Amino acid sequence: MPDHQQELLKFQRRLSEKIPRRERFEAAINEIAASFGISRIESGVGPGRLTLYSSGMISDSLPLEHVYRGGKGSKKKILVFPVNECFTEEEAPWIEMLAFSCAQYLEHIDYNRLIERSAATNPLTGLPNGSGYNTTVRRLFNAGMLPAYDSFAFNLKGFGYISKRIGLKNADNIMVIYASEISAFLKNDEIIGHLGGDNYVALIKKEHSEAFLKLLSGIPIEAELGEETFSARIAATVGVWQIDAESLHDPLDIVSKPSVALSIARNETHEPVCFVNEKIEAEVNRQKQILEFFDEALAKREFTIYYQPKVNSDTHMLVGAEGLVRWQHEGETFSPGTFVPVLEREGLISRLDMYVLEQVCSDQSRWREQGLDPVCVSVNVSRRDLSNQHLSEDIVAVIEKYSLDRSLVQIEITETVDEQEHGLLSAFLKHLWDSGISTSIDDFGSGYSSLSTLRNLQINELKIDRSFIDNEDFSDQDRIILTDIIHMAEELGISVITEGVERREQLEFVRNAGCHTIQGFYYDRPMKAEEFTTKLAQKQYKK
Ligand code: C2E
Ligand code: MG
Ligand code: MG
C-alpha cells in the first residue's frame, strides 16, 4: 500500500520551486499517478484543464469538480472521474487532496503567465513594450534572422498638441486606433513595439520596408469623440537602420541605432525620415561608452559642479548661482549636453541629479562653516525624474541631511505639454512649495512653455530662456512680449530671471522690460567651486 501522504508531500515539494510551469506539473503528476490509482491523465480536455481517471471501472456518477480561477478570472475545472465508486474508500480523500493541490498549482501557472504577459506589453495598446520587444529581438538575433529586417524607431508628430486639444482620455483612444492600424499592416513575422507615450519601434522585412515608411508618412484616423468627430492624418518622424549582417554585433543596437537617427531627424535635420549612417554609428558608440562608464564615474566622483553667478543688474551684487554639472573623464571635460540626454533616455538621470544636489548641499555647508554669507543655489532636475513619486521627499531629505536652511537651495525644471507629466510636475512643485523649497521654471519661452499653464503651477520663479534675447537687434514685438510676461509674472507673485545675457544691449533690453536678475556671460561664466568661494566672499561686480 503506497503512503499517500508521503507521495502527496513529494508532489507538492516538487512543485514548490521556481517559476510554475505546465511541463514540470505534468512530469510531477505522471510520476505519482500510479500510487494514487490513477490510470489515465488527460490534459486540457473538455471544460477542465485536467482530468484524472481511476484504474477502476468508469461509473455514471458525477465527477468531482475542483473549480479554480484561470488567468483572467475565468473559472476552470479539474475533473476527477469518478470519485467514490472506483477509487477505493481509502484512496478517495487523498485523490481529493491531490486534485486540490493540482487546482492551486494550475491557478498559479495562469497567474504567472498573466503577469509575464502584462510585464511585456503596453497596457494601453496591448503591443509589446520595451521589454517584450527586446525579448523578440534577442530571439531573432540568436536565430541569425535579423539581417532580413530593417529596424525602425518612430514618434508621432504633434501628438502632444492633439492630446492637449481633445484631452488625455480621447487621445488614448486615438492612440489605440493608430496602433491597430499599424498592426494591421504587419506581416506575420514582423513586430512592432510601443515603448510608451507616442514612441514606437518596429522590425519590418526589407522587401516591405518602403511600404511601411509610406504608411508612417500619414495614417488617416477618424473617430467619434462624443459630439465631435475627430479626423486627422497622423504622421510620424522616423529613424531607420537598414540592418546588415556585418555591422550587427549587439542586439541592443536594434533599438538604439534607429533611435539616434530619429532624434537627429527631430532635432537637427527636421526631415520626416533619417537613415542610420556612419556619423550616427559613431554617435551610438559614444552613447554606449557613456552608459558603460557612468557607474564608475559616479563612484570615482568624476562629475564636478560648476557654479554660474546670478547677479542683480541694478546693484551688480551676486544674488545666487546655478549649479551646472561637468564630467571630467581621462583629462577631458564634457559639458552636460553631451551626456544628459543619453542618461535621460536610459532612465539614469535621476541618479546624477541627486548626486549634483548632494554635492551642492555639501558645498553650501562648507561655505557656511567657512563663515561666508551664502546665496541660494539652484539645481536642475530632469522631468524624467518625475517618475520617482518620492522625488520631492528625496530632495528635502538631502537638504535636511546637511542641516541647510531650505532657502539656500532652489530646484529648476522645464515645462511640459504632456498632460500626464503636467500632473506629476504640478504635484511635485506643490510639494516643494509646501516644504518651503523654491522652484524655477527653466528655459521659459523656449519650446513648450505657455503662460496659461503657469496659472496651475505653484512656482517662485520664471527663468526666461536665452532664445528670447538671442537677437542682433530687438523689435517692438520682442519688447512687448517680454514686458508682458514679466508684468504678468510679477502680478502672480513670481520673480523673473533672464539667462544667457552676454552683451550690454541684451542687459538693457531685459532691464527695460522689467527683469533685474541676470545670469550670463555678461557677468560670469560657470566656474569651479574654489573660484566661486572668492565670489561669495566678495559679492560685488564692477560694471
Ligand atoms: P540650463 O539649465 O538652461 O543652463 C544654462 C546653460 O546656459 C548652461 O549650459 C550655461 O553654461 C549656459 N549659459 C549661461 N550663460 C550663458 C551665456 O551668456 N551664453 C551662452 N551661450 N550660454 C550661457 P550648460 O552648463 O552647458 O548646461 C546645459 C544644460 O544642461 C542646462 O541648461 C541644463 O538643462 C542641463 N544641465 C546642466 N547640469 C545639469 C544637471 O545637474 N542635471 C540635469 N538634469 N541637467 C543639467
Ligand atoms: Mg537650468
Ligand atoms: Mg535654462
Side-chain angles (χ1 to χ4, degrees), residues 267 290 294 297-298 301-311 313 320-328 333-363 376-388 391 394-395 398 409-416 425 428 438-449 459-471 496-507 509-510 515 517-529 531-532 541:
N267 306 317
I290 289 173
F294 179 62
L298 272 181
R301 313 193 72 78
E302 288 184 354
F303 292 100
T304 333
I305 317 304
Y306 278 52
Y307 291 89
Q308 185 176 31
K310 296 174 183 173
V311 180
S313 66
E322 176 175 13
L324 294 157
V325 70
R326 304 284 180 266
W327 186 350
Q328 257 125 13
T333 302
F334 296 93
S335 60
T338 61
F339 54 85
V340 165
V342 185
L343 299 177
E344 284 187 325
R345 197 192 63 217
E346 297 298 321
L348 295 169
I349 190 68
S350 68
R351 289 176 56 204
L352 179 64
D353 284 348
M354 291 315 279
Y355 176 93
V356 170
L357 173 68
E358 178 110 31
Q359 194 56 49
V360 165
C361 289
S362 143
D363 285 344
C376 176
V377 176
S378 58
V379 171
N380 293 281
V381 160
S382 165
R383 282 206 315 266
R384 292 292 150 96
D385 297 356
L386 293 174
S387 58
N388 168 9
L391 180 62
D394 292 351
I395 290 172
V398 174
V409 178
Q410 183 186 49
I411 300 298
E412 289 190 20
I413 191 161
T414 53
E415 248 282 64
T416 174
L425 177 64
F428 169 68
S438 154
T439 54
S440 179
I441 296 293
D442 203 354
D443 303 341
F444 188 82
S446 75
Y448 293 135
S449 29
I459 52 160
N460 303 82
E461 185 188 85
L462 272 194
K463 198 169 205 188
I464 308 280
D465 189 59
R466 203 172 79 194
S467 58
F468 250 99
I469 52 163
D470 213 7
N471 303 331
V496 179
I497 177 170
T498 307
E499 67 180 334
V501 175
E502 294 178 351
R503 295 176 278 117
R504 177 105 210 154
E505 316 86 82
Q506 293 174 318
L507 181 100
F509 174 69
V510 295
C515 173
T517 313
I518 300 302
Q519 179 186 342
F521 298 170
Y522 179 80
Y523 281 109
D524 248 330
R525 288 177 181 258
M527 61 192 77
K528 287 193 171 173
E531 199 184 337
F532 187 68
Y541 280 83

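Computed from a prediction, not measured in an experiment: that's the story for all the values here. All ligand and atom numbering here is 1-based and tracks the order in the structure. Throughout, residue positions are numbered sequentially from 1 according to the sequence presented.
- The shortest side-chain heavy-atom distance between F294 and V342 does not fall under the 4.5 Å cut-off.
- Side chain of Q519 to backbone of A321: no donor-acceptor contact under 3.5 angstrom is found.
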Evaluation steps, side-chain contact (heavy atoms from CB on, under 4.5 Å), between V379 and E412: CA-CA 6 Å; V379 171; E412 289 190 20; over 6 Å; no
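- Put simply, the side chain of D353 gets close to the backbone of S382: a donor and an acceptor are under 3.5 Å apart.
- C361 has its side chain within reach of V398: a pair of non-hydrogen atoms, C-beta onward, lies under 4.5 Å apart.
- Remark: the backbone N or O of E502 is paired with a side-chain donor or acceptor of Q506 at under 3.5 angstrom.
- You'll find the side chain of T439 stays beyond 4.5 Å of the side chain of F428, heavy atoms only.
- Excluding waters, the set of protein N, O or S atoms lying under 2.8 Å from the Mg ion (ligand 2) comprises E322 OE2, N380 OD1, E412 OE1, D442 OD2.
- Note that the CD atom of Q328 and the CZ atom of F303 stand 10.5 Å from one another [nearest 0.5 Å].
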Dump all N/O pairs between ligand 1 and the protein below 3.5 Å as a table: atom names plus distance, one pair per row.
| unit_1 | atom_1 | unit_2 | atom_2 | d |
| --- | --- | --- | --- | --- |
| ligand 1 | 2 (O) | E322 | OE2 | 3.0 |
| ligand 1 | 2 (O) | N380 | OD1 | 2.9 |
| ligand 1 | 2 (O) | D442 | OD2 | 2.8 |
| ligand 1 | 3 (O) | D443 | OD1 | 3.0 |
| ligand 1 | 3 (O) | E499 | OE1 | 3.4 |
| ligand 1 | 3 (O) | E499 | OE2 | 3.4 |
| ligand 1 | 15 (N) | Q308 | NE2 | 3.0 |
| ligand 1 | 18 (O) | F521 | N | 2.8 |
| ligand 1 | 19 (N) | E502 | OE2 | 2.5 |
| ligand 1 | 21 (N) | R466 | NH1 | 2.9 |
| ligand 1 | 21 (N) | E502 | OE2 | 3.0 |
| ligand 1 | 22 (N) | R466 | NH1 | 2.9 |
| ligand 1 | 25 (O) | R326 | NH1 | 2.8 |
| ligand 1 | 25 (O) | R326 | NH2 | 2.9 |
| ligand 1 | 38 (N) | V325 | N | 3.3 |
| ligand 1 | 42 (N) | D353 | OD1 | 2.6 |
| ligand 1 | 44 (N) | D353 | OD1 | 3.0 |
| ligand 1 | 44 (N) | D353 | OD2 | 3.3 |

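- Rounded to the nearest 0.5 angstrom, K463 NZ and S378 OG are separated by 4.5 Å.
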